[in-house]
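Naming: A, B, ... by sequence-line order, numbering from 1 per chain.
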Protein chains: 2
Amino acid sequence: MTFTNLFDRFASGILSLSMTEATRTKLEAAARYASALSGDAPIVGNDKDQIVFVGSGSVKLVAHASAGREQVVAFQFAGDLVSVPATRAHAYSLSALDDCELISFPADEFFKLVQQEEGIILEVLKCSLVALANCREKAITLGRKTAQERLASFLVSMAERGGTPVDRGVELHLPMSRSDMGDSLGLTIETVSRQLSELRASGLLITPSRSKFLLLDLAGLQARAGHIRAAA
Amino acid sequence: MTFTNLFDRFASGILSLSMTEATRTKLEAAARYASALSGDAPIVGNDKDQIVFVGSGSVKLVAHASAGREQVVAFQFAGDLVSVPATRAHAYSLSALDDCELISFPADEFFKLVQQEEGIILEVLKCSLVALANCREKAITLGRKTAQERLASFLVSMAERGGTPVDRGVELHLPMSRSDMGDSLGLTIETVSRQLSELRASGLLITPSRSKFLLLDLAGLQARAGHIRAAA
DNA sequence: CGCCTACTTGAAGAGGTTCAAGAACCGTGG
DNA sequence: CCACGGTTCTTGAACCTCTTCAAGTAGGCG
């Protein structure tokens, strides 16, 4: 895969609507390409706001508090557009969860270039509102849910995003580690592990390998997720 | 104050850039006006995504989990534009914290009308990205901070938004109750109260009345907020 | 096949919640 | 202007969930 192909994928994914050839050329010039593997240093620095397109693979957006505490603010997957803010009260970084390819733009430049392209900026706005809705869901999870509800919510939402239905349930490949899950759910790695064991013991899922999850009872998980619909 | 004045304030605040007369007329036709007081029933229903402009006063955006648990997702003040999502896994509502005036639009209609107005949609996008950044800060607070850090973070951010410098420090009028603060910070009302007492005992602030806060040592509060800058 | 890292499990401890009571704010009415 | 009453806030003590610290197990890559 070449970087030109990567830009094409970006263009057809996000910029699918009309775009002038001039804008496309300028955007392509402003783009910075990167590919990274899990364990690599964070991809995006934090001097300026960035807009990053995930061409393939998956990433985590991490916020850093004092004392080395980390909060995973979002997991993002191929095709997603991510806003990575510059450091203010907290520092942010974007790290690869697996082999992935990214295109990044300085946010100010990006907006300047696409603002005349009405369909595109609306598309970007919609991405941003989806990210906002996801982040609010995360706020509920972090603020008002028990450890078990957090795990169940997480698994259900991952199943909705990228689960593949199989005969016995829904299969999931989760590229993040238990530690990443903990940092995303506001829990320790031990609590994540314990709650997973409990869900396993309840027959709701099995884990054929470390990154593979087979959800046997999605309704049961939903019931444990503390969603409003499952409420009495 | 008439509702026409209210729309004018919206137009000059958010739509300050060029807008055709036709679009303005259509927007005005799509607008639904509401005024509400604290304690009133939630203002915005949850059948469809809404875009709400806060003309005056202040509101809380609340997400509802099962078992009656509530998470305040954001406090918003005069001049803010708020995206209120329709119910999905959780239900959302917008409630007045004090006497306030609002304009709401169905989100789909709003976007349809402003998408041709390039300056405006960019402005809306920027609002959305600010909301996203705020929500991410909240995720850090809820996921990785102690009760004391949460309170300190909250007070510092409120001071940045609407504090008035006085000779002894920074004065704050907070329209929300302790209960709202707790629901925003993922704490109980008792914990909020206890941590406030501790901050008082440390000489960082005094509370001349229930809604009035005098922050005596903003740097001291910042140091307790768990921000990256205050880190060792 | 073996080692290293990631995950799991166990037991003690801390921070926050819950339940319960008391104090202070503040609008109301005298 | 002050007394009153209701609500909101504060404080206290027991409990519980999750964390911390520690050890053991199992993937999975060489």
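- Panel note: side chain A/K138, backbone A/S184; a donor-acceptor pair is recorded below 3.5 Å.
- Atoms CZ (B/R69) and C1' (D/dT17) sit 14 Å apart, rounded to a whole Å.
- Protein atom CG of B/L37 is 14 Å distant from nucleotide atom P of C/dG27, rounded to whole Å.
- Classification of A/E160 and B/R88 as a salt-bridged pair fails, no side-chain N sitting under 4.0 Å from a carboxylate O.
- Between the CG atom of A/L102 and the CG atom of A/L6 there is a distance of 8.0 Å, given to the nearest 0.5 Å.
- Taking the six-membered ring for Trp and the full ring otherwise, the centers of A/F53 and A/Y33 sit at least 6.0 Å from each other.
- Not one N or O on the side chain of A/S211 forms a donor-acceptor pair closer than 3.5 Å with the backbone of A/H173.
- Within a heavy-atom distance below 4.0 Å of DNA chain C, the residues of residues 182-199 of chain B found are B/G186, B/L187, B/T188, B/E190, B/T191, B/R194.
- Between its two ends, the helix from C/dC1-D/dG30 to C/dG30-D/dC1 turns its axis by 50°, counting five pairs per end and rounding to 10 degrees.
- Using a 4.0 Å cut-off between charged nitrogen and carboxylate oxygen, A/D183 and B/R144 count as a salt-bridge pair.
- Taking OG1 of B/T207 as the start and CZ of B/F213 as the end, the distance is 6.5 Å to the nearest 0.5 Å.
- Going from atom CD of A/Q148 over to atom P of D/dC18 covers 9 Å, rounded to whole Å.
- Of the possible donor and acceptor atoms, one in the side chain of A/R178 sits under 3.5 Å from a partner among the backbone N and O of A/R210.
- For the side-chain contact (heavy atoms from CB on, under 4.5 Å) with A/L205, the lone residue among A/L155, A/L214, A/V170 that qualifies is A/L155.
- Proximity of residues 208-216 of chain A to DNA chain D (heavy atom under 4.0 angstrom from any strand atom) is restricted to A/S209, A/R210.
- A sub-4.0 Å separation between OP1 or OP2 of C/dT8 and a side-chain N or O of A/R200 is present.
- Side-chain atoms of B/S58 and B/D98 form a donor-acceptor pair, as typed in the model, at a separation below 3.5 Å.
- With respect to the salt-bridge test (charged N to carboxylate O, under 4.0 angstrom), the residues A/D80 and A/R161 qualify.
- Protein atom CG of B/L151 is 16 Å distant from nucleotide atom P of C/dG15, rounded to whole Å.
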